[in-house]
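Protein chains get the first letters and strands the later ones, always in sequence-line order, with residue 1 at the start of each. This is a predicted model, so every value here is computed, not measured.
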Amino acid sequence: MLEYEEKWIEAWKKDRVFEADRDVSREKLFVNAPFPYMNGPLHIGHAFTYTRLDAYARYRRMKGNNVLFPFAWHWTGEAVAGQSVRLKKGDPAVIKAFVEIDGIPPEELEKFTSPYNLAEYYTRVSREALYKLGLSIDWRREFFTTSYNKGFSKFIEWQYLKLKEKNFVVKGSHPVVWCPSDQSPTGDHDRLEGEGVSPEEFYLVFFKMDEYFLAAATFRPETIYGATNVWILPEGEYVKAKIDNIKLVISRESLTKFIEQERNVKIIETFYGKELIGKECVVPLAGHKIPILPASFIDPAYGTGIVYSVPAHAPYDWLALRDLQMASTEKLKEIAAKIKPISIIKVEGFGEYPAIEIVEQMGIKDQNDKQAEKATEIIYSKEFHTGVMKENCGILSGMPVREAKNKVIETLIQQGLGDKIYDLPQIVRCRCGTRCIVKILRDQWFLNYSNPEWKDRVRQHVKTMKILPEEARAWIYATVDWLNNWPCTRKTGMGTPLPWDKEWIVETLSDSTIYMAYYIVSKYVNSGEIESEQMTKEFFDYVFLGEGKIEEVSKKTGIDVNILKNVREDFLYWYPVDLRNSAKELIPNHLTFFIFHHVAIFPKEMWPKGISVNGMITIEGKKMSKSKGIFTTISKEIRKYGADVVRAALIYGAEGMDDPDWNENIAKLMEQKIASLFEFVNEIREISSYREKDFPEKLLLAEVKNMILLVEKNLEQMKTKTAFQIAFFDIPNVIKRYLRQVSVPEKDTIEEVLEYWIKVMAPFIPFTCEEIWHLIGRQEYISLEKWPALKVSEEDSRVLFEYKLIEKLLEDVKEIKKLTKTEPKTLYIYVAAQELTKTFLKYVAYIEEGLTTKEAVKKIYEEIPKNLIGSVPQLIKLATTLEKNLLNEVRKIEDFDEYQVYDKSKEYLEKETGMKIRIYYSDEQDKYDPKNKAKNALPLKPALFLE
RNA sequence: GCAGGGGUUGCCAAGCCAGGUCAAAGGCGCAGGGCUUAGAACCCUGUCCCGUAGGGGUUCGUGGGUUCAAAUCCCACCCCCUGCACCA
């Protein structure tokens, strides 16, 4: 961290530069970012998101907006608490992370067995880091979440009562991956095996056998008419049990599933699978009898440990059948030999028996061959999407497979011949090693995101929002569509108890949806003007919704009427949120929830106006990972490089949804560039010559103005990288070019440009710009200066246009010189005859009026002076190849005289080329043209001769 | 699998939505030159191929198509990244 950075932090703090209060004379802008979760110090990725937002906030502040950028801390959830618990247990990984990565002194570890102390510690160091990063935050509104903050809890209680009132919070049950040993849900990160696996619905089909039903599990109930036998594992344990009101046979291991999925289970008898082999059962709906046979691919823990066999369409079934026919006891062989696959699905690309065909094609050996899995997938997908049920399928005949599936399961359940149960499609093991099952959690509270009206209102609003980059909008829509009911409460961790059911705590993604409104209130809580106990339902109803009479609310809450009035007016002034910036990973959850809840609770005019997202940082090209040590904190990098270097390196890393990379090279580069800024500025300041502004000065101003407008345009779109590139690289490049061009720079111009330049860099590297600003003798804070209000005038555009012509000419000269490898002394320029240019412009106009090329050509042949007639073909070609911009510029200028352009800049041209310049019109009589070049002259492209 | 994003010249990365301004910005790297006692920094020039007159050729994941014209539009395919719910 640099000395001057420390100085400005203190100065900004002392003079309350970024504290924003209601001021109706100025247009407000309310920006924020999701509060960070306080289970660790802020990392460099946080800095990226915040710096981008800060650059925007600073820019808009300079543009004259009253900008509010508040900040807070998220403590809610299980992670902080979990870490404390693991610390208490002495988990070496946690201790290592605390000490080595987070920099906690070992002797202080003890006190972090309290989650409060832990969160409080991280909050303290994080606040410090953000100060140092130079974020233009109004810290008076800071708060943290959970019941440790009474006021915030009051707010969440109000929010959830409101949601409940409107029926957006509902009670329900839902399936989770569950560890029977830990007695808790097993999230992805808690798994030894089976990452990404989630509960899926299996269908149970009941095959009658005596007074019991064999409950076969399947994903493909529509294949029931093709069943030829049932498979069981001979050495597997099975039970006869009464489940709810039906007597079923299932594997012993699958029993827990039924129990955890809220079924009433009574075991009647346990036995081994082999006892059933050779018996028969009845295929539901179809009615025919089929045998029960052994198969080794059966996993008793998967489904019910019973499946029915459809050898025509299921590769595994065909393989098992084939295995059985080949090697087994005589009796089984006999039974197996009698079984003929039944073809029931017509699918393009396959014949009668798709399963048999694919097994042969892929050369699959037996049911234990790994390839069988793949074959199953191929057949399933093909049949499901394009298959049609054949005529032998009873009620399903003629239906597309996808419809048949729903129809059959509906019918089976209706007739008591089927059921649904959740299971895991792959093995999932908890960290403790136990195999997980699916459990139905009862009495859980849900945010009713599946409510179609709610969704629709959200969609309608998203349509009107500013979403940056635009590509993110599709993702938000997709999320709104996909979102289902969200379990919004937990039993463990920190947070606010659900007001009407206090054993539940509002979970972390659900207590962070409208808290931006609380920033308005927290200022008064922090100053002591309002006590948390005073924040009753009436208070929030009044402040946020304008409900109730102020006097009554005042009486009820004990809050002074004036204070109430101020809070309410503050809210009306600052709300809604104008821009919320975050990493893109929050789109599928937080950012979408944020919209949902605003739509649910607030009146329309308070719904958020804009969202912007950015990529996720990598470190030296690798994905960030604390456990792998690919991790660095904001404080560490600031200590190493200084705040502006960190800001610049991050901003220059990426924009849009691209992922920036944090690496030493870019930091080092920025370090050098920022250091040399001071030298450059000093160099410029030594200039002390005043004189008439000439072409180079006008050009410089025009270019800089143009670039500043581009910076604005890009910043408005949160294209912070592009904006920074222009401000930080492109502008100094044109200044340098100017200094090279003129023998004596002009002081007024250079000072004006310098002022603009420092200002437009200020949003990105505020410390450095503040320092330079004062070095050049300014007294005010650049952070509060007015952004240059500029407009590119007609003269400016003309200057830019003329310069473009000159540049083109110089390029041509350079190329000719390069090719001829000569050192010519004189440059002869033959400007296209004015008549030629006029004809050219006429031609362009004709085409524009809608004439065909042929007609237009004919007309200009009639109009052009005879001596220029030879140039017509090139003119036509030029019309299609000339830059549109240039063309438009020429057309804007009345009586455009190209000769003047070069003549005016003769001195500059001579300086750049080192040659004497002679200029002629191409149709001039007395011109020097030994190589007869003049005839090649075209509008905006003079012919040249070097000698 | 579903959803979202992406594949550009040595590297990073603009451009693509609104086709011609594109051999394609900028940065890095590399080469040459300047500054300097020397180096670093800084500044300038060059950086797809060919060409002794401003030209030509071949490039933007792969293969097709539309068009006078495609990095940009359409179709198919391949590859990469991210998210997918009781983690935050």
Side-chain angles (χ1 to χ4, degrees), chain A residues 34 36-37 39 74 76-80 82 174 176-178 184-190 196 198 377 381 425 441 444 449 469-479 481-493 507-510 512 583-590 615-616 618 621 623 652-661 663 665-666 669 672-673 675-676 679-680 683 719 721-722 725-726 728-730 733 736-737 739-740 804 808-809 811-822 853 880-888 931 933 936 941-946:
Chain A
Y37 190 61
N39 67 333
H74 206 190
T76 311
E78 324 210 351
V80 174
H174 89 127
V176 294
V177 178
W178 182 265
S184 76
T186 312
D188 249 0
H189 52 284
D190 287 331
S198 50
E377 263 172 46
S381 155
L441 284 186
Q444 168 66 281
Y449 290 139
E470 187 52 44
E471 298 93 278
R473 194 186 301 273
W475 196 356
I476 297 179
Y477 280 129
T479 304
D481 289 344
W482 159 88
L483 214 53
N484 219 323
N485 284 5
W486 182 271
C488 62
T489 53
R490 287 298 125 80
K491 291 264 171 156
T492 54
E507 66 87 43
T508 172
L509 277 167
S510 303
S512 55
K584 63 186 175 187
E585 57 174 350
L586 295 189
I587 290 176
N589 45 65
H590 168 75
M616 285 149 68
T618 56
K623 207 178 139 181
Y652 195 56
E655 67 189 8
M657 292 218 250
D658 296 333
D659 299 327
D661 185 49
N663 59 68
N665 286 346
I666 197 166
L669 171 76
Q672 284 169 5
K673 294 273 179 200
S676 63
E679 279 174 46
F680 185 45
E683 197 181 302
K719 289 196 171 187
K721 177 183 173 171
T722 304
Q725 184 192 305
I726 297 166
F728 198 71
F729 290 105
D730 295 353
N733 278 346
K736 281 172 198 163
R737 195 209 55 220
L739 293 176
R740 221 174 38 245
K804 201 148 189 191
K808 271 163 60 103
L809 188 139
E811 262 170 48
D812 284 348
V813 170
K814 200 187 281 172
E815 191 161 348
I816 296 166
K817 268 169 85 175
K818 194 175 115 193
L819 284 171
T820 54
K821 294 181 184 113
T822 54
T853 311
T880 59
T881 56
L882 191 66
E883 291 179 27
K884 265 182 203 148
N885 276 355
L886 282 184
L887 190 56
N888 290 338
K931 287 273 166 75
K933 294 282 181 192
N936 297 327
K941 187 150 179 69
L944 304 175
F945 176 62
L946 283 72

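Here B:C84 presents its P atom at 11 Å from CG of A:L509, a figure rounded to the nearest Å. The CG atom of A:N39 sits 14 Å away from the P atom of B:C87 (whole-angstrom rounding). Nucleotide B:A23 holds its C1' atom 12 Å from the CD atom of A:E815, rounded to whole Å. Atom NE2 of A:H590 and atom C1' of B:C87 are 16 Å apart (whole Å). A straight line from CG of A:D661 to P of B:C81 spans 16 Å, rounded to a whole angstrom. The CD-P distance, from A:Q725 to B:G26, rounds to 8 Å in whole Å. Rounded to an integer number of Å, the gap from CE of A:M616 to P of B:C81 is 13 Å. One atom, OH of A:Y652, and another, P of B:A13, lie 11 Å apart when rounded to the nearest Å.
The same atom, C1', is picked in B:G64 and in B:C78; the two are 15 Å apart, to the nearest Å. Taking the C1' atom of each, B:U45 and B:G57 are spaced 25 Å apart, rounded to whole Å. Rounded to the nearest Å, the gap between the C1' atom of B:G56 and that of B:G5 is 39 Å. Here, B:G15 and B:U36 have their P atoms 42 Å apart, quoted to the whole Å. Rounded to whole Å, the separation between the C1' atoms of B:U8 and B:U72 comes to 11 Å. Taking atom P on both nucleotides, B:C17 is separated from B:U82 by 28 Å, rounded to a whole Å. Comparing B:U58 with B:A23, their P atoms are spaced 13 Å from each other, to the whole Å. Rounded to a whole angstrom, the distance from the C1' atom of B:G54 to that of B:C68 is 25 Å.
Ion pairing between a basic and an acidic side chain is recognised when a charged N comes within 4.0 Å of a carboxylate O; A:D812 and A:K941 show such pairing. Here A:D659 pairs with A:K584 in a salt bridge; the nearest charged N to carboxylate O distance falls below 4.0 Å.
Both distances falling under 3.5 Å, in either a Watson-Crick or a G-U wobble arrangement, occur for no nucleotide opposite B:A53. Nucleotide B:C35: unpaired (no Watson-Crick or G-U wobble partner with both distances less than 3.5 Å). Within the shown strands, B:C68 is the pairing partner of B:G20 under the Watson-Crick or G-U definition, both distances less than 3.5 Å. With a cut-off of 3.5 Å on both pairing distances, the Watson-Crick or G-U wobble partner of B:A3 is B:U82. For B:U47, the paired base is B:G29 (Watson-Crick or G-U wobble, both distances below 3.5 Å).
Using a 4.0 Å heavy-atom cutoff across all strands shown, A:F945 reaches at least one base atom of the nucleic acid. When heavy atoms are screened at a 4.0 angstrom cut-off, A:P36 is found touching no nucleic acid atom at all. Nucleic acid contact for A:K931: none, since no nucleic acid atom lies under 4.0 Å from a heavy atom of the residue. If you check every strand for non-hydrogen atoms under 4.0 Å, A:E78 touches sugar and phosphate atoms only. Contact annotation for A:A943: base contact, defined as any heavy-atom pair under 4.0 Å involving a base atom. The residue A:K817 sits apart from the nucleic acid: no heavy atom pair falls under 4.0 Å. Counting any heavy atom pair closer than 4.0 Å across all strands shown, A:P487 reaches a base atom. Nucleic acid contact class of A:N484 (heavy atoms, under 4.0 Å, all strands): base.
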Base versus backbone protein contacts along nucleotides 34-45 of chain B [heavy-atom cut-off under 4.0 Å; B, S, -]: -------SSSSS
Reading 5' to 3' through nucleotides 3-11 of chain B, protein heavy-atom contacts under 4.0 Å coded B for base, S for sugar-phosphate only, - for none: SSSS-----
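For A:R490, counting side-chain heavy atoms from C-beta on, the closest listed nucleotide (B:A85, B:A88, B:G55) is B:A88. Side-chain proximity of A:T508 to B:C81, B:G27, B:A88: nearest is B:A88. Side-chain proximity of A:W482 to B:A88, B:C84, B:G26: nearest is B:C84. Candidate nucleotides B:U82, B:A88, B:A13 were compared by shortest atom distance to the side chain of A:K623, and B:U82 ranks first.
Nearest heavy atoms, A:T492 versus A:E78: OG1-OE1, 3.1 Å. The shortest heavy-atom contact between A:V177 and A:S198 is CG2-CA, 4.4 Å. Nearest heavy atoms, A:L483 versus A:P588: CD1-O, 4.4 Å. Nearest approach of A:I587 to A:W475, heavy atoms of both residues: CD1-CE3, 3.5 Å. For A:P660 against A:G653, the heavy-atom pair with the smallest separation is CB-C, 3.9 Å. Nearest heavy atom pair, residue A:M616 against residue A:A583, reads CG-CB, 4.1 Å.
Residue A:K719 is the one, among A:K719 and A:T489, whose nearest nucleotide of RNA chain B lies closer to the 5' end (criterion: closest heavy atom).
Separation of atoms OG1 (A:T618) and CG (A:N663) is listed at 8.0 Å; rounding is to 0.5 Å.
For A:N589 against B:A88, a side-chain-to-base donor-acceptor contact under 3.5 Å is present.
Considering only residues two or more places apart in sequence or on other chains, A:E470 meets the side-chain hydrogen bond (donor to acceptor under 3.5 Å, both in side chains) condition with A:R473.
More than 12 heavy atoms of other residues, nucleotides or ligands shown are found within 6.0 angstrom of NZ on A:K491.
Because its NZ or CZ atom is both nearer than 6.0 Å to the ring centre of A:Y652 and within 45° of the ring axis, A:K721 counts as a cation-pi partner of that residue.
OP1 or OP2 of B:G54 has not a single side-chain nitrogen or oxygen of A:K808 nearer than 4.0 Å.
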Please determine whether side-chain contact (heavy atoms from CB on, under 4.5 Å) holds for the pair A:T722 and A:E655, giving the CA-CA distance in whole Å, both sets of side-chain angles, and the decisive distance to 0.1 Å. CA-CA 8 Å; A:T722 304; A:E655 67 189 8; 2.6 Å; yes
